[in-house]
Colleague: 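Here you go, one structure.
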Amino acid sequence: MLDRLEQAAFNYFMQAGNPRNGLVADTSREHSPSSIAVVGFALSIYPVAVERGWMSRADALQRSLVTLRFFRNSDQSGKPDATGYKGFYYHFLDMDHGTRVWSSELSMIDTALLIAGMLVARTYFDADSPREKELRDLADALYRRVDWRWAQDGGPTIRQGWKPECGFLHYGWEGYSEAILLYALAAGSPTHRITDDCYKEWTATYQWENLYDQDYLYAGPLFVHHFSHAWIDFRGIHDHFMHEKRSDYFENSRRATLVQREYARINPHEFAGYGENCWGLSACDGPSDDQPDVANEERRLFGYAARGVPYGPDDGTLSPPSILASLPFAPDIALGTLRHVLDHYPEVLHQDRLAASFNPSLAGDDGRAWVSPGHYGLDQGIVLMMIENFRSGRPWQWMRRCQAIVDGLHRAGFRDGWLADAAEGVR
C-alpha cells in the first residue's frame with residue numbers, strides 16, 4: 001500500500017512538471033501556476049525516484065539541471081513581473097514564463113523549501129562528472145545568493161514576505177511553525193546569514209501548552225509539525241528550548257499526533273466521521289460558503305484554510321495527506337487511521353493518490369463525503385517524503401551530509417544525537 005501511494009505521489013510531479021524550465025504546478029487544476037515550494041519538493045523527490053527505480057539517474061539529473069539553470073538565469077530585479085529578488089522568489093510563478101502571478105509575495109518560507117530541494121540534489125549528485133559538478137556549483141551559487149539578513153528587515157526575526165508594491169509584509173515568522181527549516185538555512189548561510197540572536201528570538205515566541213494530557217510545543221495545523229521534518233532528522237537533537245523541555249521536535253510531532261487523535265475522539269463540534277481513527281486537521285482545501293453544492297450548510301465553511309486543533313478553525317474537513325505524513329512519528333496510529341479512512345471513504349483515493357481533503361458532514365445523496373477536486377503538489381510532496389523517511393530514512397540521510405544544514409543547526413544551538421558527529425564547517 002505504501003509503495004503504491006508513494007509512487008502515485010511521485011507521478012504527480014511527472015504529470016504536473018514543465019520539462020523546459022523545471023517548474024511544477026501548484027495543483028492539478030487547469031491553468032494552475034507553479035509553486036516554488038512544490039519545485040523544492042520535486043528536486044528532493046527525484047533522487048528518491050532513482051533509488052526506487054522509478055526514473056533513471058540521467059533523467060533525474062537532467063530535470064534537476066534544467067530547474068537550477070532556470071532559477072540561476074531568472075529575473076532577480078524585484079519588479080512586479082520578475083521571478084525574484086535578493087535570491088528569494090515569488091511564491092507563485094507562471095508555468096511557461098516563470099514570472100510572478102497573482103500579485104504573490106516574495107516568499108521566505110517557500111524559497112527555503114526550494115533551496116532545501118536544491119541542497120538535496122547537490123548532496124545526492126556527487127559523481128565526479130561535468131554535469132553533476134555543474135549541478136553542485138549551481139546549487140551552491142543559488143544558496144549563496146539568498147540574502148537572509150535582508151529578510152530580517154532590521155528586526156529580531158525573519159519577515160514572512162515582501163512585495164514590490166509595498167515592501168515587507170507587516171508580520172514576521174513568529175510562533176512555532178514550519179519555519180524551523182527556514183531559520184536553519186538562514187543560520188547556515190556562508191554569505192548572508194541572519195544575526196546570531198535571530199533563532200533564539202524566534203524560539204522566544206513559542207507557545208508551550210498542555211492539551212489532552214500532552215505537554216508539547218503548540219501549533220494547531222498538522223502540517224506545521226511535518227514540513228521541516230521532511231528534510232531534517234530531529235530525532236535526538238535539541239536546541240536550547242527543547243533541551244529545557246527534555247524533548248525534541250520529533251517527539252513533539254508525535255505528541256501533536258496524539259492531540260489530534262484525542263480532539264477527534266472528543267469531537268466537540270459533533271462533526272460526522274470524526275473519531276479515534278478519523279482525524280487530520282491541517283492546511284488544506286475545503287468547501288466554502290459560496291459553493292452551490294453546499295449552500296444549505298448552516299455552519300461556516302472556510303474554503304482553503306489552515307485548520308487546527310483544538311482552537312480551530314474547524315468545519316468538519318480533514319486532510320488525508322496529513323494523516324500519512326504523520327507516519328514517521330506514530331506509525332501504528334497513522335496506518336490504522338489511513339486504513340479506516342480508506343475503508344469508510346474510498347472516494348478520497350483516486351488512482352492511488354490521496355485527495356487534498358474530505359468532509360463527511362457534507363455527504364451527498366449517495367452518502368459519499370465531499371471531496372476536494374484535483375490534487376495539490378504540497379500534499380503529494382509531503383506524502384512521498386514522509387513515506388520515504390519512514391521506510392528508508394534516505395532524505396534524512398542525505399541532509400545529514402549537507403554542510404549548510406549541519407552549520408545552520410549548530411549555529412542555532414542544536415546539539416547531541418547525530419549532530420555530535422557532524423562537524424560545523426569553516427565559513
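Only heavy atoms go into these numbers, but all of them, side chains included; no hydrogens, no water, no symmetry mates. Everything numeric here is computed off the predicted structure, so don't read it as measured data.
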Colleague: Could you grab the distance from atom CD of Gln260 to atom CG of Leu211, nearest 0.5 Å is fine?
Modeller: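 So the gap between those two atoms works out to 11.0 Å.
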Colleague: Show me the side-chain donor-acceptor pairs of residues 318-331 shorter than 3.5 Å, one per line, residues at least two apart or across chains.
Modeller:
from: Ser319; atom 1: OG; to: Ser322; atom 2: N; distance (Å): 3.2
from: Ser322; atom 1: OG; to: Ser319; atom 2: O; distance (Å): 2.7
from: Ser326; atom 1: OG; to: His226; atom 2: NE2; distance (Å): 3.1
from: Ser326; atom 1: OG; to: Ser322; atom 2: O; distance (Å): 2.9

Colleague: Using modelled atom types and a 3.5 Å cut-off, is there a donor and acceptor pairing between side-chain atoms of Glu132 and backbone atoms of Ala127?
Modeller: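 Yes, because the side chain of Glu132 sits within donor-acceptor range (under 3.5 Å) of the backbone of Ala127.
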Colleague: Examine Trp150 together with Phe168 and report whether their ring centres are nearer than 6.0 Å.
Modeller: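 Ring centres of Phe168 and Trp150 closer than 6.0 Å.
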Colleague: side-chain contact (heavy atoms from CB on, under 4.5 Å) with Thr67: which residues, sequence neighbours excluded?
Modeller: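 In terms of side-chain contact (heavy atoms from CB on, under 4.5 Å), with neighbours along the sequence ignored, Thr67 is linked to Val39, Leu43, Phe71.
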Colleague: Hey, what do you get for OH (Tyr345) to CG (Asn359), rounding to the nearest 0.5 Å?
Modeller: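 Spacing of OH (Tyr345) from CG (Asn359) equals 9.5 Å.
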Colleague: Using side-chain hydrogen bond (donor to acceptor under 3.5 Å, both in side chains) as the criterion, list what pairs up with Glu30, not counting sequence neighbours.
Modeller: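 Partners of Glu30 by the side-chain hydrogen bond (donor to acceptor under 3.5 Å, both in side chains) criterion come out as none, since no residue qualifies.
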Colleague: Are more than 12 heavy atoms from other residues, nucleotides or ligands located less than 6.0 Å from atom NE2 of His410?
Modeller: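 Yes, NE2 of His410 has more than 12 neighbouring heavy atoms, counting only those of other groups under 6.0 Å.
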Colleague: Answer yes or no: is there a donor N or O on one side and an acceptor on the other, between the side chain of Arg29 and the main chain of Gly374, under 3.5 Å?
Modeller: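 No.
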Colleague: Please, which pairs that meet side-chain hydrogen bond (donor to acceptor under 3.5 Å, both in side chains) have at least one residue in residues 172-184, sequence neighbours excluded?
Modeller: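 Applying side-chain hydrogen bond (donor to acceptor under 3.5 Å, both in side chains) to every pair that reaches into residues 172-184, excluding sequence neighbours, yields Thr157-Glu174.
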Colleague: Could you tell me whether the side chain of Gln351 reaches within less than 4.5 Å of the side chain of Asn11, counting heavy atoms only?
Modeller: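 Side-chain contact under 4.5 Å: no.
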Colleague: Distance-only, no hydrogens or angles: does the Asp248 side chain make a donor-acceptor pair with backbone N or O of Gly236 under 3.5 Å?
Modeller: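 At least one qualifying donor-acceptor pair exists.
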Colleague: Between His91 (side chain) and Trp102 (backbone), is there a donor-acceptor pair under 3.5 Å?
Modeller: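 Checking the backbone N and O of Trp102 against the side chain of His91, no donor-acceptor pair under 3.5 Å is found.
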Colleague: Which atom pairs, donor and acceptor, lie under 3.5 Å between side-chain atoms of residues 14-21 and protein residues at least two apart or in another chain?
Modeller:
from: Gln15; atom 1: OE1; to: Arg353; atom 2: NH1; distance (Å): 3.4
from: Gln15; atom 1: OE1; to: Arg353; atom 2: NH2; distance (Å): 3.4
from: Asn18; atom 1: OD1; to: Arg20; atom 2: N; distance (Å): 2.9
from: Asn18; atom 1: ND2; to: Met95; atom 2: O; distance (Å): 3.0
from: Arg20; atom 1: NH2; to: Asp96; atom 2: OD1; distance (Å): 3.3
from: Asn21; atom 1: OD1; to: Leu23; atom 2: N; distance (Å): 2.9
from: Asn21; atom 1: ND2; to: Met95; atom 2: O; distance (Å): 2.9
from: Asn21; atom 1: ND2; to: Asp96; atom 2: O; distance (Å): 3.4

Colleague: Who pairs with Ala356 by side-chain contact (heavy atoms from CB on, under 4.5 Å), at least two apart in sequence or on another chain?
Modeller: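 Result, side-chain contact (heavy atoms from CB on, under 4.5 Å) vs Ala356: Asp285, Ser372, Tyr376, Asp379.
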Colleague: Are side-chain heavy atoms of Asp352 and Gln7 found at a separation under 4.5 Å?
Modeller: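 Side-chain contact under 4.5 Å: no.
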Colleague: Quick check: do Tyr143 and Arg122 have side-chain heavy atoms less than 4.5 Å from each other?
Modeller: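 The answer is no, as the side chains (C-beta and beyond) never meet within the 4.5 Å cut-off.
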Colleague: Would you please name every residue forming a salt bridge (charged side-chain N to carboxylate O under 4.0 Å, His left out) with Asp75, sequence neighbours left out?
Modeller: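 Listed in chain order: nothing, the list is empty.
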Colleague: Looking at Val101, is its backbone amide N or carbonyl O close enough to the side chain of Ser104 to form a donor-acceptor pair, meaning the two atoms are under 3.5 Å apart?
Modeller: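 Looks like yes, one N/O pair under 3.5 Å.
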Colleague: Is the gap between the ring centers of Phe241 and Tyr249 under 6.0 Å?
Modeller: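 Not close enough - the centres of the two rings lie 6.0 Å or further apart.
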Colleague: Below 4.0 angstrom, N of the basic side chain to O of the carboxylate: do Arg57 and Asp126 qualify?
Modeller: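 A salt bridge links Arg57 with Asp126.
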Colleague: Short question: side chain of Ser228, backbone of Leu181 - any donor-acceptor pair under 3.5 Å?
Modeller: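 Checking the backbone N and O of Leu181 against the side chain of Ser228, a donor-acceptor pair under 3.5 Å is found.
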Colleague: Is it true that Lys245 and Asp215 make a salt bridge, defined as a side-chain N closer than 4.0 Å to a carboxylate O?
Modeller: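 Asp215 and Lys245: not salt-bridged.
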Colleague: Pro346: what forms a side-chain contact (heavy atoms from CB on, under 4.5 Å) with it, not counting sequence neighbours?
Modeller: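 Here no residue qualifies.
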Colleague: With no hydrogens and no angle check, is any side-chain donor or acceptor of Gln152 less than 3.5 Å from a backbone partner on Thr195?
Modeller: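 It does hold such a pair.
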Colleague: Kindly say whether Asn252 contributes a backbone atom to a donor-acceptor pair with the side chain of Gln214 at under 3.5 angstrom?
Modeller: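 A pair under 3.5 Å: no.
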Colleague: For Asp197, which residues count as a salt bridge (charged side-chain N to carboxylate O under 4.0 Å, His left out) partner, sequence neighbours excluded?
Modeller: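 None.
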Colleague: So Tyr212 and Tyr263, would you call those rings parallel, tilted or perpendicular, with 30° and 60° as cut-offs?
Modeller: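 Tilted.
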Colleague: Backbone N or O of Gly161 within a donor-acceptor pair of the Tyr171 side chain at under 3.5 Å?
Modeller: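 No, because the side chain of Tyr171 does not come within donor-acceptor range (under 3.5 Å) of the backbone of Gly161.
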Colleague: Using atom types as modelled and distance alone, determine if a side-chain donor or acceptor of Thr99 lies under 3.5 Å from a backbone N or O of Ala82.
Modeller: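 Between the backbone of Ala82 and the side chain of Thr99 there is no qualifying donor-acceptor contact (under 3.5 Å).
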Colleague: Run Phe92 and Ser32 through side chain to side chain contact (heavy atoms under 4.5 Å, CB included) and show every step you take.
Modeller: CA-CA 9 Å; Phe92 296 108; Ser32 170; over 6 Å; no
Colleague: With a 4.0 Å cut-off on N to O distance, would you call Asp315 and Arg307 a salt bridge?
Modeller: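 Salt bridge flag = yes for Arg307 with Asp315.
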Colleague: Where does the angle between the aromatic ring planes of Trp202 and Tyr199 fall among parallel (under 30°), tilted (30 to 60°) and perpendicular (over 60°)?
Modeller: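 Answer is perpendicular, since the angle exceeds 60°.
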Colleague: Scan Phe125, Trp398, Tyr46, Phe41 and name whichever one has a side chain to side chain contact (heavy atoms under 4.5 Å, CB included) with Val120.
Modeller: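 Of all the options given, the one that passes is Trp398.
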Colleague: Between Glu134 and Arg131 (salt bridge meaning N to carboxylate O under 4.0 Å), is one present in this structure?
Modeller: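 Judged by the 4.0 Å cut-off on N to carboxylate O distance, Glu134 and Arg131 do not form a salt bridge.
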Colleague: Which distance, rounded to the nearest 0.5 Å, do you find between the OG of Ser253 and the CG of Leu258?
Modeller: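 Taking OG in Ser253 and CG in Leu258, the distance rounds to 11.0 Å.
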Colleague: Which pairs, with at least one residue in residues 159-170 and sequence neighbours excluded, count as a side-chain hydrogen bond (donor to acceptor under 3.5 Å, both in side chains)?
Modeller: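 As it turns out, the side-chain hydrogen bond (donor to acceptor under 3.5 Å, both in side chains) pairs with a partner in residues 159-170, which skip direct neighbours, are Arg100-Glu165.
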Colleague: What residues, two or more places apart in sequence or in another chain, satisfy side-chain hydrogen bond (donor to acceptor under 3.5 Å, both in side chains) together with Trp231?
Modeller: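 By the side-chain hydrogen bond (donor to acceptor under 3.5 Å, both in side chains) rule, Trp231 matches Ser44.
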Colleague: Run the numbers on His192 and Lys86 for side chain to side chain contact (heavy atoms under 4.5 Å, CB included), then give the verdict.
Modeller: CA-CA 10 Å; His192 307 291; Lys86 296 283 189 180; over 6 Å; no
Colleague: Any side-chain heavy atom of Asp128 sitting closer than 4.5 Å to one from Lys133?
Modeller: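 A side-chain contact under 4.5 Å is absent here.
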Colleague: Can you tell me how far the CG atom of Leu182 sits from the CG atom of Leu113, to the nearest 0.5 Å?
Modeller: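 The distance works out to 8.5 Å.
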Colleague: Could I get the full list of side-chain contact (heavy atoms from CB on, under 4.5 Å) partners for Asp81, not counting sequence neighbours?
Modeller: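 With sequence neighbours excluded, Asp81 shows a side-chain contact (heavy atoms from CB on, under 4.5 Å) to Lys79, given in chain and number order.
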Colleague: Any salt bridge linking Asp140 with Arg136? Criterion: basic side-chain nitrogen under 4.0 Å from a carboxylate oxygen.
Modeller: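 Not counted as a salt bridge, because no side-chain N and carboxylate O are separated by less than 4.0 Å.
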Colleague: Which heavy atom of Ile115 sits nearest a heavy atom of Leu142, and at what distance?
Modeller: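 So the minimum-distance heavy-atom pair works out to CD1-O, 4.0 Å.
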Colleague: Can you name the closest pair of heavy atoms from Leu135 and Leu61 and give their distance?
Modeller: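 Smallest heavy-atom distance, with atoms named: CD1-CD1, 3.8 Å.
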Colleague: For a 4.5 angstrom cut-off between non-hydrogen side-chain atoms, does Thr203 reach His240?
Modeller: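 The answer is no, as the side chains (C-beta and beyond) never meet within the 4.5 Å cut-off.
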Colleague: Do you know which two heavy atoms are closest between Thr317 and Pro287, and how far apart they sit?
Modeller: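 That closest heavy-atom pairing would be OG1-CD, 3.4 Å.
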Colleague: Verify side chain to side chain contact (heavy atoms under 4.5 Å, CB included) between Met242 and Phe234, making sure each step is shown before the conclusion.
Modeller: CA-CA 11 Å; Met242 280 299 183; Phe234 287 102; over 6 Å; no
Colleague: Answer whether the closest heavy-atom distance between the side chains of Phe271 and Cys278 falls below 4.5 Å.
Modeller: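 No, too far: nothing below the 4.5 Å cut-off.
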